[in-house]
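Below, chains carry the letters A, B, ... as their sequence lines are ordered, and counting in each starts from 1. The structure displayed is predicted, hence computed values, not measured ones.
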2 protein chains.
Amino acid sequence: MTDTAAAGTRTATQTASKSEQAYAAVKARIVDGSYSPGYRLVLAKIAEDLGVSVVPVREAIRRLEAEGLVKFERNVGATVSGIDPTEYLYTMQTLSIVEGAATALSAPLIGGPDIARARAVNAEMRACLQHFDPVRFTRLNQDFHSILFEHCPNPHILDLVHRGWNRLASLRSSTFRFVPRRAHESVDEHEALLRLIEAAADADEIEKAARLHRSATLDAYLAQNNAGSHNAH
Amino acid sequence: MTDTAAAGTRTATQTASKSEQAYAAVKARIVDGSYSPGYRLVLAKIAEDLGVSVVPVREAIRRLEAEGLVKFERNVGATVSGIDPTEYLYTMQTLSIVEGAATALSAPLIGGPDIARARAVNAEMRACLQHFDPVRFTRLNQDFHSILFEHCPNPHILDLVHRGWNRLASLRSSTFRFVPRRAHESVDEHEALLRLIEAAADADEIEKAARLHRSATLDAYLAQNNAGSHNAH
DNA sequence: GAGTACGAAATCGTATACGAAAACTATTGC
DNA sequence: GCAATAGTTTTCGTATACGATTTCGTACTC
C-alpha cells in the first residue's frame with residue numbers, strides 16, 4: 001500500500017506480475033518496519049492480504065531470503081531476519097566495505113552539479129539536527145549517499161550497497177536509536193568527503209574516508225549499546 | 001552458515017525438499033559449466049529432468065536470479081547470466097573488494113596450522129604449473145583462498161565471496177583462459193600474502209595485497225582479450 | 001501435579017491445470 | 001523476393017487442491 005519509492009509506479013503496476021508485486025510489497029513492509037525482525041511471515045495470510053495465491057508469495061519470500069531479508073526454515077516458515085545486535089554489526093561492517101568501494105569507484109565520475117546537490121542535502125541534514133527530526137535526517141542521509149553512489153560503474157557493487165541499505169533499514173526500525181552527537185559528526189564527515197572528491201583525491205583515500213564514516217556510526221552504536229564483542233577492524 | 005554439525009545431517013539429506021534439490025542441481029550445472037552463459041533455462045524441461053514439477057524449479061531459478069547467476073525476464077524465461085567480458089570485469093572487481101576484506105578480517109584469526117596447509121596447497125599449485133594442469137590449478141587456487149577466508153567472522157562477507165566464486169566459475173567456463181605467466185606470478189603473490197599474515201601485518205596492508213592479487217588477474221585477462229573499456233581503478 | 005501421548009488445527013510443499021503472453025511459422029499481398 | 005500478418009506452438013504465470021509436516025492443546029497416566 002505505502003509505496004515509498006515513487007519511481008515508475010504507474011508503469012510498474014501495469015506490467016508487474018503478481019510475484020513481483022508480492023516481492024515488492026513484502027520487501028517494502030520489511031524495510032519500512034511494518035514487519036519487524038522476528039515477525040512470522042505466513043504465506044496464506046500474506047497471499048490473502050495481497051489478493052493473490054500462495055505460489056507467487058512463496059516465490060517472493062524465497063527471493064527475499066536470498067537477499068538476506070528473511071530467514072526461511074523448512075516446513076516451518078519464514079521470519080523477518082536479523083534481531084540481534086551481532087547482525088547489525090555484520091551488516092554495517094559489510095556495508096562500510098561495499099559502500100566505501102562504491103564511493104571510490106564513483107568519485108571520479110561525480111561532477112559539479114552532483115557536489116552542489118549533495119551540499120544542499122547535507123545543509124538540510126544540519127537543519128534537521130536543530131529542530132530534531134530524526135526521520136527526515138535518516139532519509140536525507142540516504143539521499144546524500146545515493147548521490148555519491150549513483151555514478152558507480154559497477155552494477156554489482158551498487159546492488160550490494162542497496163541490499164545493505166535495505167537490511168539496515170529493516171534492522172534499524174527495531175534496534176537503531178538516533179544519536180544526535182554522532183549525527184553532528186556525521187554531517188561534518190560528509191562535508192570532508194565532498195572536499196576530498198572535489199579535490200580529486202586518491203581513490204584509496206576516498207574509500208578509506210567513506211568506510212570510516214560508516215564504521216564510526218557502527219562504533220557509536222556499539223558504544224551506546226555497550227556490546228561486549230567488538231572485535232573487527 | 002553450513003550445518004556442519006552431525007546433528008541433523010542425515011535427516012537434512014533425507015528431507016531435502018524438491019525446491020532445494022532443484023536449486024542445488026541447477027546451481028551446480030551452472031557453476032560446473034554444463035549450462036554455459038546464455039543457456040536458456042526452460043522450466044518444464046528442467047522439471048522433467050529432475051523428476052519434479054515446475055513450481056519448485058521456478059522457485060529455485062528465482063533464487064538463483066537473486067544471487068546473480070541467472071537472468072530472468074518476464075514471460076520470456078531465464079537464461080544463465082554473464083556472457084560478455086564486461087560482466088567478467090564487474091564480477092572480478094567486486095570479488096577483489098569483498099575477498100580483500102574477507103582476507104583482512106580473517107587474517108588475525110589464522111593460526112600456524114592454517115599457514116602450513118596453505119603453503120602445502122601453494123606448493124602443489126606450483127607443481128601443477130610444471131606438468132600443465134590448469135583444472136587442478138584452479139581447484140587448488142580456490143582451496144588456497146578458502147583457507148584464508150574460513151576464519152572470517154562476518155558471515156555476510158563470506159557469503160558474498162562465495163557468490164563471487166560461483167559467478168566466476170560460471171563465467172570462467174566460457175570466457176576464461178589459462179594464462180601460465182600470470183599463474184606463476186599468482187603463486188608468488190600467494191607466498192607474499194602468507195608472509196604478511198604470518199608477520200601479523202596491518203589489516204589494511206593485507207587487504208590491499210589480497211585485492212591487488214585479484215585485480216592483477218583481471219588486468220591480465222583484459223590485456224589478453226585486449227578489451228577496450230578498461231576504466232576502473 | 002508433572003510429564004507424556006495422542007489428536008486436531010495450522011501451515012508448508014508440490015503436483016496439476018488452465019489462462020495469458022511471447023515466439024515461431026506459414027501464408028498472403030505487394 | 002521481401003514484408004506484414006494471421007495462426008500455431010511453446011512457455012510462462014498463477015490458482016487450486018491435496019498430501020506431508022509441524023505445532024499446539026488436551027487428556028491421560030504415574
Side-chain angles (χ1 to χ4, degrees), chain A residues 8 10-27 29-30 35-67 69-81 83, chain B residues 3 5 7-27 29-30 35-67 69-81 83:
Chain A
R10 186 181 55 250
T11 324
T13 306
Q14 194 178 36
T15 337
S17 65
K18 310 234 172 149
S19 140
E20 288 303 332
Q21 186 185 328
Y23 170 78
V26 175
K27 184 173 179 174
R29 278 173 167 71
I30 293 175
Y35 294 159
S36 36
Y39 184 88
R40 176 91 186 276
L41 297 167
V42 178
L43 293 183
K45 192 167 174 304
I46 295 172
E48 194 186 6
D49 285 356
L50 299 175
V52 301
S53 84
V54 294
V55 177
V57 173
R58 184 183 162 84
E59 183 181 303
I61 286 185
R62 290 293 257 189
R63 281 213 281 161
L64 291 169
E65 183 201 12
E67 290 183 20
L69 283 175
V70 312
K71 197 164 148 317
F72 200 86
E73 204 175 346
R74 168 88 206 257
N75 275 325
V76 173
T79 53
V80 178
S81 69
I83 314 170
Chain B
D3 296 35
T9 300
R10 185 182 56 247
T11 324
T13 308
Q14 191 180 40
T15 31
S17 69
K18 310 231 171 152
S19 141
E20 227 40 78
Q21 185 185 329
Y23 171 78
V26 175
K27 184 172 179 175
R29 279 174 166 73
I30 292 175
Y35 295 159
S36 35
Y39 184 87
R40 177 92 183 276
L41 297 167
V42 178
L43 294 182
K45 192 167 174 305
I46 294 172
E48 194 186 6
D49 285 356
L50 299 176
V52 301
S53 84
V54 294
V55 177
V57 173
R58 183 183 163 84
E59 183 182 304
I61 286 185
R62 291 291 258 191
R63 280 214 280 161
L64 291 169
E65 184 201 12
E67 290 183 19
L69 284 175
V70 313
K71 198 163 144 326
F72 200 87
E73 203 175 347
R74 168 87 204 261
N75 275 325
V76 174
T79 54
V80 178
S81 69
I83 315 171

Approximate separation, where rounding is to 0.5 Å, of B/R62 CZ and B/Y23 OH: 15.0 Å

OH-CG distance between B/Y35 and B/L41, expressed to the nearest 0.5 angstrom: 6.5 Å

Between P of D/dC12 and CD of B/E73, the distance in whole Å: 12 Å

Of all pairs that satisfy ring pair (Phe, Tyr, Trp, His ring centres under 6.0 Å), the ones with a partner from residues 44-64 of chain A, not counting sequence neighbours: none

Selection: residues 50-60 of chain A, any non-hydrogen atom under 4.0 Å of DNA chain D: A/V52, A/S53, A/V55, A/P56

Please report the closest heavy-atom contact between [X] and [Y], naming both atoms and the distance.
X: A/R74; Y: B/S17; answer: NH1-N, 3.1 Å
X: B/A66; Y: A/R63; answer: CB-O, 4.0 Å
X: B/K18; Y: B/V52; answer: CD-CG1, 3.4 Å
X: A/K71; Y: A/S81; answer: N-CB, 3.9 Å
X: B/S19; Y: B/A60; answer: O-CB, 4.0 Å

Sugar-phosphate, base or nothing in reach of B/L41, heavy atoms under 4.0 Å: sugar-phosphate

Outermost DNA chain C nucleotides near chain A [under 4.0 Å, heavy atoms]: C/dT11 to C/dT14

